[in-house]
Amino acid sequence: MSKKIRVAELFAGVGGFRLGLEGWKGYSATSNYSQKLNTKYKVIFSNQWEPSTKTQEASYIYERQFGPIGHSNKDIAKVLTNEIPDHDMLVGGFPCQDYSVARTLSQSGGLEGKKGVLWWEIHRILKEKLEQGNPVKYLFLENVDRLLKSPVKQRGRDFAIILASLSDLGYAVEWRVINAAEYGFPQRRRRTFILGYHNSTDIHGEIQDMPKTDWILDFGILAQSFPVVRNQSIYEPFLIDGDLVKISDEFNCKGGDSPFENAGIMVNRIVTSLKTKPVYDGMTATLGNVLQNENEIKSGFYLNGSFERWKYLKGPKNESRTNKESGFEYQYNEGGMIFPDPLDQPSRTIITGEGGPSPSRFKHVVSTESGKLRRLTPLELERLNMFPDDHTSQASDVKRAFFMGNALVVGVIEKIGQQILTFIKEHERTAV
């Protein structure tokens, strides 16, 4: 495999996918950027657009770190497919939204998703590249774990729409819900990772010819990257039937659990899905491993005065509350959280509201060697996602925390990306 794999990165944020695939200045996240990363990836197009703000800070940081060549700071819905160079792999962490579809009024038999739903921009690019004779060979996508179970009234419908729409474009798809901490990384962050292989690739043919449970458990790219064992003995393959409108209207419409387990594969709309559990016996990084020295911490990160509000928010609750609008009284129950956060375990999931000094149930609080309590710094949040130190340093502390709440664990991307390279080298007769 002598050629570079050309990558288009959508919803790029501050560049987590790019760091995992290309490394940082050629160095590997899993080595804490101390060792070279053997990579064939080259991001030739990236897009980052935040519709809710005039200041495009994430895009600014992305350009600052990776340069402006090939980068787009424009609403992806307004980017023509012809403006995106032909590429071998499309990657991105697309938002979890309502993926339902309806027939268009202007086209007999046409389909369109809800306006503003960004999945359909991915679909549009894949479809138009295929029609132009330049199919995107590989997909590497990320989403929240609840994607497999949404929406509440038709559990699994959204994922069924995504799988069916990809199958109709010629893709076989495998997926896995991965909790980074279960494979030694320093943060408990559960995300759904989705890999797609177009029928123009030899990997697609390998999947068709292999027993699907073998691919899920042993031989697939995700199984090789993050080993699992079966946690469920019975499974029943099923067909996602009908056009996308029918799926949108009728999939699991009688209610019940989602048919999509935490691992699976889909070929020609036939789904095999298994409940699995991770296999890992290596070293485990912890919250304590990422902390800065106490003398490096600014005074604003320490908790001042009484801790009662923090203790209340993080503590258990069984209390009467009243709805402000309706006046309805109800009993509110909530379990307690460990306060402060333990340093000998991986951290809880970073959320977008991690920044700022106000007390919060979900912000991390750690105890220092001197016994003081403090919040995590932006640099420590970057380390929990395995970004290079001060990757986002041009933004405010609150915004940096927001970026990390939206980001992914770079080491997970690196591991999967490296395994994809291995598969392409071993399985593709004509490597890209």
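Nothing fancy with the numbering, it's 1 onward along the sequence.
Using a 4.0 Å cut-off between a side-chain N of Lys or Arg and a carboxylate O of Asp or Glu, Glu182 and Arg190 do not qualify as a salt bridge. A salt bridge is defined here as a Lys NZ or Arg NE, NH1 or NH2 lying under 4.0 Å from an Asp or Glu carboxylate O, and Arg18 with Glu9 fails to meet this definition. Using a 4.0 Å cut-off between charged side-chain N and carboxylate O, Lys137 and Asp88 make no salt bridge. Between Asp86 and Lys129 there is a salt bridge, with a side-chain nitrogen of the basic residue lying less than 4.0 Å from a carboxylate oxygen of the acidic one.
Checked by atom type and distance alone, the side chain of Thr276 never pairs as donor or acceptor with a backbone atom of Val229 at under 3.5 Å. For Gln154 (side chain) and Ser248 (main-chain N/O), a donor-acceptor pair under 3.5 Å exists by modelled atom type. In this structure a side-chain-to-backbone donor-acceptor pair under 3.5 Å is missing from His198 to Gly196. The backbone N or O of Leu313 sits less than 3.5 Å from a side-chain atom of Lys317, completing a donor-acceptor pair.
Paired with Asp341 under the rule salt bridge (Lys or Arg N to Asp or Glu O under 4.0 Å), one option of Arg188, Arg348, Lys363 passes, and it is Arg348.
Aromatic ring centroids of Phe159 and Trp119 lie 6.0 Å or more apart.
By the neighbour-count criterion of 12 heavy atoms within 6.0 Å, atom CG of Asp281 is sparsely surrounded, having that number or fewer from other residues, nucleotides or ligands. The 12-atom threshold is exceeded at CG of Asn293, counting heavy atoms of other residues, nucleotides or ligands nearer than 6.0 Å. Counted within 6.0 Å of CG on Leu80, heavy atoms from surrounding residues, nucleotides or ligands total more than 12; the atom is thus considered enclosed.
Atom CD1 of residue Ile416 and atom OG of residue Ser225 lie 5.5 Å apart, to the nearest 0.5 angstrom. With values rounded to the nearest 0.5 angstrom, Glu354 atom CD is found 8.5 Å from Ser347 atom OG.
The ring pair (Phe, Tyr, Trp, His ring centres under 6.0 Å) test applied to Tyr41 returns no partner, not counting sequence neighbours. Under the salt bridge (charged side-chain N to carboxylate O under 4.0 Å, His left out) criterion, Asp168 pairs with Arg269, not counting sequence neighbours. Applying the side-chain contact (heavy atoms from CB on, under 4.5 Å) test to Ser370 and every residue at least two apart in sequence or in another chain returns Glu294, Thr368, Lys372. Judged as a side-chain contact (heavy atoms from CB on, under 4.5 Å), and not counting sequence neighbours, the contacts of Arg146 are Cys96, Val144. In this structure, the salt bridge (charged side-chain N to carboxylate O under 4.0 Å, His left out) partners of Arg124, at least two apart in sequence or on a different chain, are Glu121.
Among residue pairs with one or both ends in residues 398-420, those qualifying as salt bridge (charged side-chain N to carboxylate O under 4.0 Å, His left out) are Glu382-Arg400, Asp390-Arg400; sequence neighbours excluded.
Taking the ring axis of Tyr330 as reference, the NZ or CZ atom of Arg321 does not stay both within 45° of it and closer than 6.0 Å to the ring centre.
Classification of the Phe260-Trp175 ring pair by plane angle, with boundaries at 30° and 60°, yields perpendicular. Taking the six-membered ring where the residue is Trp, Phe339 and Trp310 present parallel rings, their angle staying beneath 30° rather than reaching 60°.
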